[in-house]
Asker: 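After the structure tokens below, expect a handful of questions from me.
Quick caveat: nothing in here was measured; it's all calculated off a predicted structure.
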Amino acid sequence: MNGLTPQVVSLSEVDVAELIVHDEHNEHLSYMLSRLNPPEFPVPMGVFRAVDRPTYAESVIAQTTAAIESKGRGKLEDLFDAPDKWTIVGSSNGSNGSKG
């Protein structure tokens, strides 16, 4: 790094202890690495960022499980009989939705 700017250096010309080693858990280094573009920099390859958190699917399953635990398992018939359903009425210029 030259201040806050990355720079390409020759390993034979610098002390290795002065170099930054990439850490895929560091958000800021990962972002900076993703912005390095040729011809000024070599093309970075590999894992830029590793985050340990639930996947989208795991989050949806957890949310669904929590809703079932707090409200019980729903019934499709209850949705059909709900008071705030919509009736679709056709017309010559398209369909209009009316609450009913």
Asker: So does Q63 have more than 12 non-hydrogen atoms from other groups sitting under 6.0 Å from CD?
Answerer: no

Asker: Could you grab the distance from atom CG of D23 to atom NE2 of H28, nearest 0.5 Å is fine?
Answerer: 11.5 Å

Asker: Under 3.5 Å, is there a donor-acceptor pair between the side chain of H25 and the main chain of R49?
Answerer: no

Asker: State plainly whether one hydrophobic cluster holds both I20 and F48, where clusters connect Ile, Leu, Val, Met, Phe, Trp and Tyr through side-chain heavy atoms under 4.5 angstrom apart.
Answerer: no

Asker: Rounded to the nearest 0.5 Å, how far apart are NZ of K75 and CZ of F80?
Answerer: 14.0 Å

Asker: Could you tell me if the side chain of E58 sits less than 4.5 Å from the side chain of I61, heavy atoms only?
Answerer: no

Asker: Measure the shortest side-chain to side-chain distance between H22 and S30 over non-hydrogen atoms and say whether it is less than 4.5 angstrom.
Answerer: yes

Asker: Please name the pair of heavy atoms, one in P38 and one in V43, separated by the smallest distance, quoted to 0.1 Å.
Answerer: CG-CG2, 3.6 Å

Asker: Using modelled atom types only, decide if a donor and an acceptor are shared between the side chain of N37 and the backbone of R35 within a distance under 3.5 Å.
Answerer: yes

Asker: Would you find more than 12 non-hydrogen atoms of other residues, nucleotides or ligands less than 6.0 Å from Y31 atom OH?
Answerer: no

Asker: Hey, quick one: are L29 and M1 part of the same hydrophobic cluster, counting side-chain heavy atoms closer than 4.5 Å, chains of contacts allowed?
Answerer: yes

Asker: To check you understand the geometry: which heavy-atom pair defines the closest contact between L33 and P44, and what is its length?
Answerer: O-CG, 3.4 Å

Asker: Nearest heavy-atom pair of P42 and V8: which atoms, and what distance?
Answerer: CD-CG2, 3.8 Å

Asker: Evaluate the side chain to side chain contact (heavy atoms under 4.5 Å, CB included) criterion for residues E77 and L79: first the C-alpha distance (whole Å), next the side-chain angles of each, then the deciding distance (0.1 Å), finally the verdict.
Answerer: CA-CA 5 Å; E77 293 80 19; L79 289 175; over 6 Å; no

